[in-house]
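To find a chain, count down the sequence lines: A is the first, B the second, and so on, and within it residues start at 1.
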Number of protein chains: 2
Amino acid sequence: MVTSRRIADVASEAGVSPTTVSHALSGRRPVAPATRARIMDAVERLDYRPDRLATSLRTQRTQTLALIVPDIANPYYPASARALLDGVNEAGFMTLIANTDGDPEGEREALQEMVARRVDGIVMHSLATSTADLRRIVGPDLPVVVVGGVSGLIATDLVVTADSVGIGEAVKYLHDKGVRDLGFVDGTEGNGMHRLAAFLGAAHALGMNVQEDWIGHTPFTREGGFAAAMSLLHGDRRPAAIMCANDLIAIGVMDAARALSISIPQDLAVIGFDDIETAALVTPQLTTITNPASLTGATCAEMLLERIALGADAPYMTRVLPTSLVLRESA
Amino acid sequence: MVTSRRIADVASEAGVSPTTVSHALSGRRPVAPATRARIMDAVERLDYRPDRLATSLRTQRTQTLALIVPDIANPYYPASARALLDGVNEAGFMTLIANTDGDPEGEREALQEMVARRVDGIVMHSLATSTADLRRIVGPDLPVVVVGGVSGLIATDLVVTADSVGIGEAVKYLHDKGVRDLGFVDGTEGNGMHRLAAFLGAAHALGMNVQEDWIGHTPFTREGGFAAAMSLLHGDRRPAAIMCANDLIAIGVMDAARALSISIPQDLAVIGFDDIETAALVTPQLTTITNPASLTGATCAEMLLERIALGADAPYMTRVLPTSLVLRESA
DNA sequence: CCACTGACACAAACCGATTTGCAAAGGAGC
DNA sequence: GCTCCTTTGCAAATCGGTTTGTGTCAGTGG
């Protein structure tokens with residue numbers, strides 16, 4: 001292949017017009033078998049492959065999706081991304097990926113850029129923008145699946161995990177073990193707050209004690225968890241258990257406990273969220289709440305394809321995925 | 001925003017021609033300040049954002065790159081991907097991502113699809129195709145950075161890690177500890193074989209004993225490592241140490257050792273490769289060889305941008321990244 | 001006063017496909 | 001033999017931008 005071929009090259013090679021080549025390839029109009037054969041032969045010989053840019057410009061469909069995540073290096077997302085990619089790949093879609101670092105500004109830029117590239121749909125994790133703003137940016141008709149909670153009116157399809165179920169389970173488990181003093185390390189404010197809310201609701205319902213200074217906010221990283229726990233465990237009265245908005249934070253909390261010679265789970269129970277692969281590998285093994293990453297990705301793929309097939313007029317859908325407590329050693 | 005605006009809308013809103021709008025926005029020809037102001041104002045008011053498809057079709061540049069990896073869910077890649085995305089993002093590039101599962105056929109398809117989408121460059125991990133075939137698929141002029149070894153003639157830019165250095169270090173370390181019987185669990189054949197080769201070279205140079213049935217091949221996963229180790233540790237004579245082509249395999253090997261009640265590192269030393277985050281978290285902590293994922297990604301970004309700036313005529317470049325042994329508990 | 005120059009804006013061609021309207025040819029029915 | 005379809009293929013318009021060639025106008029130098 002010296003240079004890339006155009007449809008006109010194929011046409012002249014086969015002795016027909018570009019129109020006929022297009023029809024032969026797309027099948028949108030009948031083409032005589034003999035002609036079609038000549039065309040296919042020419043395609044083969046020239047190794048012709050249509051320019052997707054031109055096709056997309058004309059058809060207004062790009063066969064491309066956008067995946068927007070806070071941080072692909074955060075181990076929860078790759079699993080989800082993988083399932084998403086697999087799901088849409090079969091349908092002939094490729095995926096553009098962008099990181100936002102949880103920053104609303106970054107989110108906005110990513111969205112705008114994706115829209116300018118005319119993606120056919122967007123999967124958006126952890127929306128920090130309101131769906132009203134979202135719709136202002138992407139327009140009313142572009143399929144968007146948001147994973148996780150949203151604030152404000154819902155104007156997108158939604159994949160949510162039933163976080164409160166797993167969290168309730170975990171709180172009840174601690175309660176049954178006799179724990180009364182509870183702390184929670186949440187992610188950055190404005191994001192994932194619903195996990196904190198679910199936690200507070202469950203703790204309150206069981207009459208447990210949650211001091212204000214036992215609640216921390218921090219980035220969703222191991223370092224963040226470490227820092228938050230260090231300050232949280234500093235006071236003269238400590239909680240007997242700490243739950244965390246994700247596993248990385250929980251691992252950071254365990255780092256802190258180790259640094260402070262607090263033994264887990266005897267002196268401090270720790271419960272994470274997500275059940276990333278590493279959770280089963282740390283010492284002590286992390287008790288956590290499953291967040292079915294790969295199921296989430298697959299569900300996003302499914303919903304997005306469905307939405308694309310349905311069109312924008314069909315009512316918004318919400319799908320709820322299960323979570324549950326996984327008992328290991330840390331609690 | 002009711003519907004997306006075209007340049008013609010902006011032009012009529014500002015009372016000029018589309019040409020002038022284009023010039024005003026791109027700055028490729030001078031536009032009178034007053035006119036420019038009117039145009040900018042119209043752009044603002046209509047929230048106009050040029051259609052990248054149309055622009056790309058005309059300019060033959062998409063500002064889009066391709067990242068092709070065996071499996072984004074494999075924890076080595078997200079770190080690398082993140083650094084790559086960050087690096088090219090600054091330059092205004094977005095990235096399409098595809099998984100190949102190490103399958104040559106999948107690789108080919110991914111490449112073809114990326115080419116059809118007219119990406120400006122490709123980062124390719126673990127090429128299973130020869131670079132000659134690669135060039136046949138992508139053409140002679142498209143920038144490609146390959147990470148890891150290649151077979152056959154080199155016809156791309158290359159980012160390699162000095163695997164043999166770290167591996168040599170590790171073998172020497174084991175030798176100095178008195179170990180003489182060595183095994184190796186490699187990834188799927190045809191891929192990563194150079195790690196096995198480096199291992200064999202180093203072991204041979206130090207006169208160590210590597211039985212044929214102490215060498216396993218398996219997918220780059222924990223399960224793969226487990227299965228390989230189970231069969232490898234089954235014989236009547238066992239190696240005193242096993243080195244692995246990546247950390248996931250090594251963790252699987254440790255799983256197997258645990259299942260067989262072989263204690264690490266006393267009865268069996270295990271050394272991984274990559275130094276993924278989890279390596280420091282497992283018990284016993286995994287001794288491994290660093291593979292600077294994030295540096296790799298950043299280097300790819302740098303090289304690709306450089307190549308795009310340089311053009312296809314500049315000679316191919318190779319950049320070598322360091323590796324080194326990280327001593328922990330498993331060896 | 002005229003030729004020349006630079007600044008500025010526009011019309012038209014182009015990127016590479018798809019799609020619509022139309023014409024020519026061949027076959028069926030009367 | 002003539003009309004009416006159906007089949008088959010082409011020319012031209014279109015998607016939404018960018019780029020090139022051209023024309024106009026005001027200012028400058030001789």
Side-chain angles (χ1 to χ4, degrees), chain A residues 1 3-40 42-43 46-64 92 113 115-120 139 141, chain B residues 1 3-40 42-43 46-64 92 113 115-120 139 141:
Chain A
M1 192 188 78
T3 177
S4 98
R5 302 308 191 155
R6 294 163 325 203
I7 198 170
D9 299 326
V10 177
S12 74
E13 175 86 7
V16 297
S17 78
T19 310
T20 308
V21 175
S22 177
H23 288 325
L25 290 177
S26 70
R28 297 186 58 88
R29 274 200 193 171
V31 168
T35 313
R36 148 173 288 115
R38 277 213 322 287
I39 290 172
M40 290 312 184
V43 165
L46 298 180
D47 191 30
Y48 168 72
R49 217 166 297 276
D51 185 324
R52 287 261 192 194
L53 287 178
T55 305
S56 294
L57 178 59
R58 181 62 232 247
T59 62
Q60 300 292 68
R61 276 174 292 102
T62 52
Q63 295 283 97
T64 303
E113 192 55 36
V115 171
R117 283 181 153 77
R118 297 294 184 264
V119 294
D120 290 340
D141 293 339
Chain B
M1 192 188 80
T3 177
S4 98
R5 302 307 191 154
R6 293 162 324 197
I7 198 171
D9 299 326
V10 176
S12 73
E13 175 84 7
V16 297
S17 77
T19 310
T20 307
V21 175
S22 178
H23 288 325
L25 290 177
S26 70
R28 296 186 60 88
R29 275 200 192 171
V31 169
T35 313
R36 151 173 286 115
R38 278 213 321 287
I39 291 173
M40 290 312 183
V43 165
L46 298 181
D47 191 29
Y48 168 71
R49 218 166 296 277
D51 185 324
R52 287 259 191 197
L53 287 178
T55 304
S56 294
L57 178 59
R58 181 63 232 244
T59 62
Q60 299 292 69
R61 277 173 291 105
T62 52
Q63 296 282 97
T64 303
E113 192 56 36
V115 170
R117 283 179 151 79
R118 298 294 186 261
V119 294
D120 291 339
D141 291 339

Atom CZ of A:Arg117 and atom P of D:dG17 are separated, to the nearest Å, by 15 Å

Between D:dT18 (P) and B:Ile39 (CD1): distance, integer Å: 12 Å

Judged by nearest nucleotide, the residue sitting upstream toward the 5' end of DNA chain D, B:Arg28 or B:Leu53, is B:Leu53

At a heavy-atom distance below 4.0 Å, which nucleotide of DNA chain C is the first touched by chain B, and which is the last? C:dC8 to C:dG16

Categorize B:Arg52 for me: base, sugar-phosphate, or nothing, with a 4.0 angstrom heavy-atom threshold over every strand shown. nothing

Residue B:Arg6, side-chain heavy atoms: nucleotide from D:dC15, D:dT18, D:dG16 that is nearest: D:dG16

How would you label the contact of B:Thr35 with the nucleic acid (heavy atoms, under 4.0 Å): base, sugar-phosphate, or nothing? sugar-phosphate

Can you give me the closest heavy-atom contact between A:Pro50 and B:Ala116, atom names plus distance? O-CB, 4.0 Å

Got a second to check how far B:Arg36's CZ is from B:Ile39's CD1, nearest 0.5 Å? 8.0 Å

Between A:Arg36 (CZ) and D:dT7 (P), how many Å, whole number? 14 Å

Can you check the A:Arg38 CZ to D:dT8 P distance for me, whole Å? 13 Å

Residue-phosphate contact under 4.0 Å: A:Gln60 side-chain N/O, D:dT14 OP1/OP2: no

For D:dG16, take OP1 and OP2 only and decide whether either is under 4.0 Å from a side-chain N or O of B:Tyr48. no

Have a look at the helix from C:dC1-D:dG30 to C:dC30-D:dG1 and give the angle its two end axes make, five pairs each, rounded to 10 degrees. 50°

Protein-nucleotide distance (A:Arg58, atom CZ; D:dC15, atom P), rounded to Å: 7 Å

Could you list the residues that satisfy side-chain contact (heavy atoms from CB on, under 4.5 Å) with B:Gln63, not counting sequence neighbours? A:Arg117, B:Arg52, B:Phe93, B:Asp120

Restricting to non-hydrogen atoms, name the atom on B:Pro18 and the atom on B:Ile7 that form the minimum distance, rounded to 0.1 Å. O-CD1, 3.8 Å

A:Arg118: partners by side-chain contact (heavy atoms from CB on, under 4.5 Å), with sequence neighbours left out: A:Thr62, A:Val115, B:Ser4, B:Asp51, B:Leu53

Length of the line joining B:Arg49:CZ and D:dG16:P, which is rounded to integer Å: 17 Å

From CZ (A:Arg38) to CD (A:Glu13), nearest 0.5 Å: 11.0 Å

What is the separation between atom CD1 on A:Ile7 and atom P on D:dA11, rounded to the nearest whole Å? 14 Å

Length of the line joining B:Arg29:CZ and D:dT20:C1', which is rounded to integer Å: 6 Å

Validation: residues 19-30 of chain A side-chain donor-acceptor distances under 3.5 Å, sequence neighbours left out:
{"residue": "A:Thr20", "atom": "OG1", "partner": "A:Ser17", "partner atom": "OG", "Å": "3.3"}
{"residue": "A:Ser26", "atom": "OG", "partner": "A:Ser22", "partner atom": "O", "Å": "3.0"}
{"residue": "A:Ser26", "atom": "OG", "partner": "A:Arg28", "partner atom": "N", "Å": "3.3"}

Contacts of B:Ala54 and A:Arg61 projected onto DNA chain C by closest heavy atom; the upstream (5') one is B:Ala54

So, with a heavy-atom separation below 4.0 Å from DNA chain C, the residues of residues 14-21 of chain A are A:Thr19

Considering non-hydrogen atoms only, spot the tightest contact between B:Asp47 and B:Arg49 and give its length. OD1-NH2, 2.9 Å

Assign B:Ser22 to base, sugar-phosphate, or nothing according to its heavy-atom contacts below 4.0 angstrom with the strands shown. base

